[in-house]
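Working notes, beginning with the structure itself.
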Amino acid sequence: MADLEAVARALVAPGKGILAADESGGTIEKRFDAIGVESTEDTRRAYRELLFTTEGAAEHISGVILFDETIRQRSSEGTPFPEVLERQGIIPGIKVDRGAKALALAPGEKVTEGLDGLRERFAEYVELGAKFAKWRAVIPIGDGIPSEYCLWVSAHALARYAALAQEAGLVPIVEPEVLMDGDHSIERAYHVTARMQHAVFTELHDQRVALEGMLLKPNMVLSGYEARERAGVEEVARATVKCLRHNVPAAVPGIVFLSGGQSDEDATAHLKAMNALGPQPWELSFSYGRALQAPAQKAWQGDPANVPAAQAAYLKRARLNGAARSAGYRAVDETR
Ligand code: 13P
């Protein structure tokens, strides 16, 4: 347990956050389509190498979440990716869920699969160098959904995963993502997020998960992306922190937000505004996928000549989000 807590605390060390580079095959293909790059094992490897070898990233990035394919790949010099990261002081982690599938008898709702055989898979990931893990539950908001049925089965699965992760000696990142697609209000987002966080911590407690040795990866509480009137940065920050204060025990070392399709600048501004609200029981940090990588992908375009520009774009977002952990970030920094 002492080791789990030390890893969890290192992942939310001051000024640093997590890079989520664990896009599954389908998701990375979507990202590559947008920049006109064919998704092959080698283009995926080259792209991840660009991120993992960015000089200076370790100043702002504490850990990287890898996908099953990536944790087995090597740099062009032949070093396994987990070792490439470890050598810089970046902690390697692994996404272990197998994606959200339709939930039986619940039209429009989802449940995440991947529990069968997970103990054995954890043993292999430990051998491959993983120190922490991630599992994502997906909760869409819509007409009459989510149901309590969906929230509780998703929370139950998250806790089963988290218990298995701790048994294997890995820090579980528990990710209940309430999606912000739709035209719902921030009040509705608050209500659903609060219900889900309540269910998650009830299940974690019942399934004996040590809260000191885990991290929560929640959505921020936002208005739906298609809502007519969308809440501003301050309101989002206040609603998100209030929701966490009501539902997340102080024993949890840190909250590492997902970016969930927000613009890069919004994801950074929200994080900064939350940290500006004053000390909280837990660290407030990031575990961004898109909000750290989008500018890098645009700059890269699959061309090796663009690697330095792509690395500079990634480093800039890492630096700004690291600064948003404290009072260091200013909007003017966006233009530098
Ligand atoms: P986004 O920051 O792009 O939402 O990705 C984070 C993540 O890991 C989702 O599972």
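A quick note: this is a predicted structure, and the numbers were derived from the prediction, not measured. Each ligand, and each atom within it, is numbered from 1 in the order the structure gives. Only heavy atoms go into these numbers, but all of them, side chains included; no hydrogens, no water, no symmetry mates.
For ligand 1, the polar-atom distance check against R290 finds a nitrogen or oxygen pair separated by under 3.5 Å. The shortest N/O to N/O separation between S287 and ligand 1 does not fall below 3.5 Å. The N/O atoms of G289, backbone and side chain alike, include one that comes under 3.5 Å of an N/O atom in ligand 1. Checking only distances, G260 does come within under 3.5 Å of ligand 1, N or O to N or O.
Residues meeting the side chain to side chain contact (heavy atoms under 4.5 Å, CB included) test with V111, sequence neighbours left out: L103, V153, S154. Checked against side chain to side chain donor-acceptor pair (under 3.5 Å), H270 has the following partners two or more places apart in sequence or in another chain: Q262.
Heavy atoms from other residues, nucleotides or ligands lying under 6.0 Å from CG of D116 number 12 at most. Around NZ of K242, the count of heavy atoms belonging to other residues, nucleotides or ligands within 6.0 Å does not exceed 12.
Contact check for I139 versus L151: side-chain heavy atoms found under the 4.5 Å cut-off.
The protein non-hydrogen atom at the shortest distance from atom 6 (C) of ligand 1 is K217 NZ, 3.4 Å. The protein heavy-atom contact nearest to atom 2 (O) of ligand 1 is S259 OG, 2.5 Å. For atom 9 (C) of ligand 1, the closest non-hydrogen atom of the protein is E175 OE2, 3.2 Å.
Taking the six-membered ring for Trp and thresholds of 30 and 60 degrees, F52 and F81 have ring planes more than 60 degrees apart, a perpendicular arrangement.
Residue K134 holds the heavy atom nearest to atom 10 (O) of ligand 1 of all those in K134, R31, E177.
Those atoms of ligand 1 with a heavy atom of Y288 less than 4.0 angstrom away are 2 (O).
K217 forms no cation-pi arrangement with F257, by the criterion of a distance under 6.0 Å to the ring centre and an angle within 45° of the ring axis.
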